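Order of the sequence lines fixes the chain letters, A, B, ..., with proteins taken first and strands second; residue numbering starts at 1 for each chain. Since the model is a prediction, treat every value here as computed from it, not as a measurement.
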Amino acid sequence: MADQKKMVEAITSMEEDFAKWYTDIVKKADLIDYSSVRGCMVIRPYGYAIWENIQHQLDTRFKETGHENVYMPMFIPESLLQKEKDHVEGFAPEVAWVTHGGSEKLTERMCVRPTSETLFCEHYAKIINSYRDLPKLYNQWCSVVRWEKTTRPFLRSCEFLWQEGHTMHETADEALAETERMLNVYAEFCETALAIPVTKGRKTKKEQFAGAEATYTIEAMMHDGKALQSGTSHYFGDGFAHAFDITFQGRDNKPQYPHQTSWGMSTRIIGAIIMTHGDDNGLVLPPVIAPTQLIVLPIAQHKEGVLDKAYEVTERLKKICRAKIDDSDNSAGWKFAEYEMKGVPLRLEMGPRDIEANQCVLVRRDNREKTIVSLDELETKVPELLKAVHDGLYSKALANRESRTYTAVTMDEVKELANTKSGFIKTMWCEDEACEIKFKEEAGLTSRCMPFEQEHISDVCPCCGKPATKSIIWGKAY
RNA sequence: CGAGGCGUAGCUCAGUUUGGUAGAGUGCCUGGUUUGGGACCAGGAUGCCGCAGGUUCGAGUCCUGUCGCCUCGACCA
């Protein structure tokens, strides 16, 4: 009992202080370190390995859907950034400016990209001439800089890693289809790779991307009931094309403007993983992206034959999953706690008694369930258990979201829920921005999205009483 | 950008009120005993007290400035 107490003291309990629990985890699971650069973090090997697995998963999906990777400059001349009015208004307050090259003042200052629409557009203007050049399906992996006032590791940092897809299409329908297709890729990725259930929907005008005609989003709910926008996909129409003078000769032999999309997912998603699956013993990683999927822990490893057998088992497991052994001389208890902190999905314990019985103990990270497995069956049991951990994480996250999703018909109900509960509140809405602002002022809620799966909750907008046209989800967001 | 908190050993922090030899726990190194839920014994190394000025015989401690980090708000992926 005394030992158990010691374990949970290692990090702040999530019930006690969720924000502190979060920062404890990112530090103690060795995901990041702070740096001397304001609002920027060092992503350490274990954190970066998670990102690399995410990159691999996403990049494979992008390639499968016909996209190509490119790289754009990290600087954007001020004149280029200013070409599209809404866009520059949206981003200007948070860009970093480069004013000098060496000791010489630049004739035109340049910003460090906060996003790369303008650079892609400048390039597209040069290379798109005919409808035969379309579609252009480009993506880039890079970092961007936004001068945030308040920063938190992964969730909001001044520099963050992401991918940004930028595509150009012959018709509006094609571009809209692309926007939805990539949102679906993100949603499928979140659910099958990260075990995070997401709600797909459209952002309100107020919340949509600067310069976009429509923004689609996947919204995830964190363990504490707060929402996290986890990926976005934007439809731009031909607005940027006009601003950047991108035209092509159409099938009718006349000049036309192409229709554009962009879509992005960032290292913020690592924050979503932590806050969706983590618990008071530390990080819990979904098996698909866990850098180590299984850790082999020899018990009483000084005893004759234990280490040899453990090495042998590790080599076998390396062929079917990302397996590692910890043969350091730390105590077994220390190792248990360590790999739980790091969120390794499966632990394999093997001591002299097991070896004698030709078996080992497999322990799931998500629920600590122990299974005794014959060493002859490892190759079938390990993949089964990894799948079981994934499914367990998904259903737990889904259950949390379901239990924290409420519906409200009147504004009083909305305020009551906002004050007493943490989660999603579903209502109807008249689509008037004035009402959206009142939700913020009176209940502290922002709109998360108008879900693709619309439902009928009531006939009128809770705020103004006028006929409602959409069902919408409200919440408090990270 | 507003409000609050904090910068002292690798880490967590005490010491600041009342100026007077730089501290603890943990981690680290050596050796030994241990090992199925964060082990134990013995020995050892570790400091520009964030930075810059000032007051003083003397500053981790007082004063001024400055930089940074954390938390909560307002704004954003």
Side-chain angles (χ1 to χ4, degrees), chain A residues 1-12 17-20 22-24 26-28 33-41 90-95 114-115 143-164 186 203 206-210 215 217-219 227-234 262-272 281-282 297-303 306-307 326-341 347-355 360-361 363 368 370 372 440-441 444 446 476-478:
Chain A
M1 199 60 211
D3 288 339
Q4 282 202 349
K5 189 167 175 239
K6 207 167 180 182
M7 261 164 39
V8 296
E9 273 172 0
I11 55 172
T12 310
D17 185 342
F18 194 76
K20 185 142 199 309
Y22 178 82
T23 41
D24 278 359
V26 294
K27 286 283 290 176
K28 296 198 172 160
D33 194 13
Y34 293 107
S35 73
S36 60
V37 186
R38 192 197 82 92
C40 298
M41 59 184 174
F91 282 102
E94 52 180 13
V95 294
T115 178
S143 77
V144 290
V145 169
R146 299 181 188 176
W147 217 258
E148 299 290 348
K149 311 266 201 250
T150 300
T151 60
R152 295 186 72 189
F154 295 119
L155 299 176
R156 176 165 299 103
S157 47
C158 287
E159 181 188 14
F160 58 91
L161 303 179
W162 77 347
Q163 58 65 221
E164 45 180 330
Y186 286 150
K203 284 287 187 189
K206 183 172 179 293
E207 298 283 329
Q208 81 190 12
F209 182 83
T215 289
T217 178
I218 48 171
E219 296 287 325
L228 190 76
Q229 179 176 312
S230 303
T232 47
S233 187
H234 315 289
S262 82
W263 26 275
M265 184 174 271
S266 72
T267 38
R268 170 180 252 198
I269 199 72
I270 296 174
N281 294 317
L297 300 185
I299 306 294
Q301 63 186 34
H302 60 290
K303 297 223 170 114
V306 172
L307 266 179
D326 185 343
D327 57 1
S328 71
D329 58 5
N330 288 309
S331 73
W334 185 91
K335 290 178 187 176
F336 294 161
E338 172 70 9
Y339 293 99
E340 280 176 8
M341 176 63 73
R347 174 173 89 223
L348 188 155
E349 297 175 24
M350 201 166 71
R353 293 201 298 273
D354 295 311
I355 291 170
C360 64
V361 181
V363 188
R368 288 199 183 184
K370 294 189 178 184
I372 294 171
K440 172 75 184 167
E441 287 172 355
T446 55
K476 288 171 185 163
Y478 273 102

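Judged by distance alone, with hydrogens and angles left aside, A/Arg146 brings no side-chain donor or acceptor close enough to the base of B/C76 to form a pair under 3.5 Å. A donor-acceptor contact under 3.5 Å links the side chain of A/Thr150 to the base of B/G73.
Judged by Watson-Crick or G-U wobble contacts below 3.5 Å, the nucleotide B/G2 has B/C72 as its partner. In this structure, B/C13 forms a base pair with B/G23, meeting either the Watson-Crick or the G-U wobble geometry with both donor-acceptor distances under 3.5 Å. Remark: B/U56 base-pairs with no nucleotide; criterion is Watson-Crick or G-U wobble with both hydrogen-bond distances under 3.5 Å. Under the Watson-Crick and G-U wobble criteria, each requiring two contacts below 3.5 Å, nucleotide B/G7 is paired to B/C67. Here B/G43 sits opposite B/C29 as a Watson-Crick or G-U wobble pair (both hydrogen-bonding atom distances under 3.5 Å).
The local environment of CH2 in A/Trp147 is sparse, with at most 12 non-hydrogen atoms from other residues, nucleotides or ligands closer than 6.0 Å.
A donor-acceptor pair under 3.5 Å is absent between the side-chain atoms of A/Lys203 and the main chain of A/His234, judged by distance alone. With hydrogens and angles ignored, the 3.5 Å screen pairs no side-chain donor or acceptor of A/Tyr478 with any backbone N or O of A/Arg156. With A/Ser157 contributing its side chain and A/Phe154 its backbone, the two residues share no donor-acceptor pair below 3.5 Å. Not one N or O on the side chain of A/Lys335 forms a donor-acceptor pair closer than 3.5 Å with the backbone of A/Leu297. Judged by distance alone, the side chain of A/Ser143 and the main-chain N or O of A/Glu159 form no donor-acceptor pair under 3.5 Å.
Looking at heavy-atom distances under 4.0 Å, A/Phe160 makes contact with a base. Across all strands shown, A/Glu349 has heavy atoms under 4.0 Å from base atoms, whether or not it also approaches the sugar-phosphate. Heavy atoms of A/Gln301 sit nowhere under 4.0 angstrom from any nucleic acid atom. Residue contacts shown for A/Asp329 are absent, as no nucleic acid heavy atom lies under 4.0 Å away. Using a 4.0 Å heavy-atom cutoff across all strands shown, A/Gly282 reaches no nucleic acid atom at all. Within 4.0 Å (heavy atoms only), A/Leu155 reaches at least one base atom of the nucleic acid. Counting any heavy atom pair closer than 4.0 Å across all strands shown, A/Thr267 reaches no nucleic acid atom. Contact annotation for A/Ser266: base contact, defined as any heavy-atom pair under 4.0 Å involving a base atom. Using a 4.0 Å heavy-atom distance criterion, A/Val361 is classed as a base contact.
The nucleotide whose nearest atom lies closest to any side-chain atom of A/Glu340 is, among B/U35, B/G37, B/C1, B/G37. Comparing B/C70, B/A74, B/U35 by their nearest atom to the side chain of A/Ala332 picks out B/U35. Taking only side-chain atoms of A/Lys149, from C-beta outward, the nucleotide of B/U71, B/C1, B/A39 with the closest atom is B/C1.
An OP1 or OP2 oxygen of B/A39 is reached within less than 4.0 angstrom by a side-chain nitrogen or oxygen of A/Ser331.
Projected onto RNA chain B by closest heavy-atom contact, A/Glu94 and A/Thr23 fall at different nucleotides, the more 5' of which corresponds to A/Thr23. Place A/Lys440 and A/Arg353 on RNA chain B by their nearest nucleotides, and A/Arg353 ends up nearer the 5' end.
Between A/Pro298 and A/Leu307, the shortest heavy-atom distance links the atoms CG-CD2, 3.9 Å.
Rounded to an integer number of Å, the gap from CD of A/Glu441 to C1' of B/G73 is 16 Å. Between the NZ atom of A/Lys27 and the P atom of B/U26 there is a distance of 21 Å, given to the nearest Å. Protein atom NZ of A/Lys28 is 11 Å distant from nucleotide atom C1' of B/U26, rounded to whole Å. One can place CH2 of A/Trp147 at 21 Å from P of B/C75, the figure rounded to the nearest angstrom. Distance CZ (A/Phe336) to P (B/G37): 6 Å, rounded to an integer number of Å. When the P atom of B/U71 is taken as reference, atom CG of A/Asp24 falls 10 Å away, rounded to whole Å. Atom pair A/Glu148:CD and B/C70:C1' shows a separation of 17 Å (rounding to whole Å applied). Rounded to whole angstrom, the span from the CZ atom of A/Phe18 across to the P atom of B/C72 amounts to 11 Å.
Taking atom P on both nucleotides, B/C6 is separated from B/G50 by 14 Å, rounded to a whole Å. Across the C1' atoms, B/U17 and B/C11 are found 28 Å apart, a figure rounded to whole Å. Atom name C1', nucleotides B/C41 and B/C51: the rounded distance is 43 Å, in whole Å. The same atom, C1', is picked in B/U64 and in B/U55; the two are 11 Å apart, to the nearest Å. Annotation: B/G47 and B/G7 have their C1' atoms spaced 15 Å apart (nearest Å). Straight-line distance between the P atoms of B/C63 and B/A45: roughly 37 Å, to the nearest whole Å. The C1' atoms of B/G19 and B/U71 are separated by 33 Å, rounded to the nearest whole Å. Spacing between B/U21 and B/C40 at atom C1', rounded to whole Å, works out to 34 Å.
With sequence neighbours excluded, the residues satisfying side chain to side chain contact (heavy atoms under 4.5 Å, CB included) with A/Ala332 are A/Ile299, A/Phe336.
Once the 5.5 Å centre distance and the 30° plane angle are applied, the aromatic ring of A/His302 is found not to be stacked with the base of B/U34.
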